[in-house]
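Below is one structure, written out as structure tokens; comments come after it.
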2 protein chains.
Amino acid sequence: MTRQLRPAPGSDRSGATRLAGHAGGSATAASRVLAVLDAFGPAHASLTLSEISRRSGLSLTTTHRLVGELRAWGALERGADGRYGIGLRLLELGALAPQGLQLREVAVPYVDDLHQATRANVVLGVRDGSDVVYVEALRARGAVRLMSRIGGRWPLHATGTGQVLLAFADPQVQEEVLSGPLKAFTPYTITDPAALRRTLAEVRRTGVAAAENHLTADAPALAVAVPVRGAGDEVVASLGVTVAAGATQAQALVPVLNATARGISRALGAPSAQPAVRRRP
Amino acid sequence: MTRQLRPAPGSDRSGATRLAGHAGGSATAASRVLAVLDAFGPAHASLTLSEISRRSGLSLTTTHRLVGELRAWGALERGADGRYGIGLRLLELGALAPQGLQLREVAVPYVDDLHQATRANVVLGVRDGSDVVYVEALRARGAVRLMSRIGGRWPLHATGTGQVLLAFADPQVQEEVLSGPLKAFTPYTITDPAALRRTLAEVRRTGVAAAENHLTADAPALAVAVPVRGAGDEVVASLGVTVAAGATQAQALVPVLNATARGISRALGAPSAQPAVRRRP
């Protein structure tokens, strides 16, 4: 059956080398398919065939063939301008992620309440490795510039929601992040491991993360986040709001955030979020 | 490079045959990757390795290898129970679909307003071939059973949002749907091509689709939908609400639906949704 594949031309070699990490060994046919998908990103949502070829490190011939297959399946779409974008089939599949949009399904009425009560940007994030990925993001009209959207991904150390997830993650995950490079997005991003370690201890002590301008410096923003717990009382998500810095004190947002996070945790079956006092029958 | 692939065992043949349609010809390595992803669906969000193998028609050996690669890349995740699910990397990628969550970004404040005003289930759908795919879905607490969620996919003829998209689609798309099988979901689903043709003409005339119990019969539901227009005044999406049948007359929902759809259309730059009268400077 491998014979039915066109032989990959030699010009794929550089791409194959670069891609070796994906497959955990030598480049495979699967890794080439994934390299085509990897060419797309928030800043590269619409690409020409040659841009996909360049960004994936695959030859034009191979790119053309793979793009054709991915398009037939629905992973890619071709716009009226001839450029390629991600297809709705991937949105459909991505929506099945158990800790993704399924969590959103449970959380959305509560997140909506929080959005109404605060008129702020609201995000719900889950941990994926050393990143936070947003599974819900409601944008306030006229609010601070939004760095968050469904599917948005940021390093854990750089956002309030991420810091909550990191503070309650396994020590092994924390040590991995603390020992790795801590990228600076603004002069306020925590990049010193010792400072991050102190911040995480404080988040665990208070149950709240407050990050000012860690992600953007141009529009002063304050992100406040609290944990959401699952059926085993483990932290499964992080609920955060972002407001213009100065407009609201972080402390003022904590009660409504905690009340909302508790509602979501209860809906997820978290024991600690069940009512302490039960009505008599 | 193809030599680096393990030869596909003969037991893959049935899968390969079944998958030929994906690749538009003989089964390829890419089609096998996509077959693994195809194994997952709303009713199959969590699968064991052997379930993936069976559903994809691939041998256990091939499935094991591909699942490993897809997991390393983030397309699949392994839960605490050892079962595999869709990974957050696919949610992240799927969120880049130009007519998907990017449209949602623009629409969400308006959709939220509609949700608040009606307290109903609200969906925003776009056409993908002969289906409608929901890019936003807000569920009313205590509302009728929800058949809609982000990433949800239904045939155009069976839902109000789908009928709007079909009514304003190219005649070629309409003829394809009208000539194909029209699946019945309930006794009320329109399955007669002539009846569907009349319905589509009515939707074009009135600008509204009203579908009663076309998708579910157990919880009587009324779906009302109107078009959303883009920068070229073409219909790019469909905005719909679902309420318990009898609770509200369809006609009563039309003004608020139209006002909301016009807001989204204006935000998308639709000429017909720009203000007719401008204030003096």
Heavy-atom distances under 4.5 Å only: say whether [X] touches chain B with side chain, backbone, both or neither.
| X | value |
| --- | --- |
| A:R89 | both |
| A:L88 | both |
| A:D131 | neither |

Q: For A:E69 and B:T28, run side-chain hydrogen bond (donor to acceptor under 3.5 Å, both in side chains): C-alpha distance rounded to whole Å, both residues' side-chain angles, the deciding distance at 0.1 Å, then the answer.
A: CA-CA 9 Å; A:E69 292 196 51; B:T28 63; 2.4 Å; yes
Q) Can you tell if the side chain of A:L96 reaches within under 4.5 Å of the side chain of B:L91, non-hydrogen atoms only? A) no
Q) When only pairs under 4.5 Å are counted, which of A:G129, A:G74, A:G79, A:G41 shares the most heavy-atom pairs with chain B? A) A:G41
Determine the minimum heavy-atom distance between [X] and [Y], stating which atoms define it.
| X | Y | answer |
| --- | --- | --- |
| B:W73 | A:D38 | NE1-OD2, 2.8 Å |
| B:A97 | A:G87 | CB-O, 4.1 Å |
| A:G151 | B:A95 | CA-CB, 4.0 Å |

Q) Picking from B:L76, B:D112, B:V33, which has the most non-hydrogen pairs under 4.5 angstrom with chain A? A) B:D112
Q) If you tally heavy-atom pairs under 4.5 Å against chain A, which of B:L70, B:V108, B:I86 wins? A) B:I86
Q. Which bit of B:L66 comes within less than 4.5 Å of chain A, counting heavy atoms only: side chain, backbone, both or neither?
A. side chain
Q: Taking only Lys NZ, Arg NE, NH1 and NH2, and the carboxylate oxygens of Asp or Glu, determine whether B:R127 and A:E77 approach each other closer than 4.0 Å.
A: no
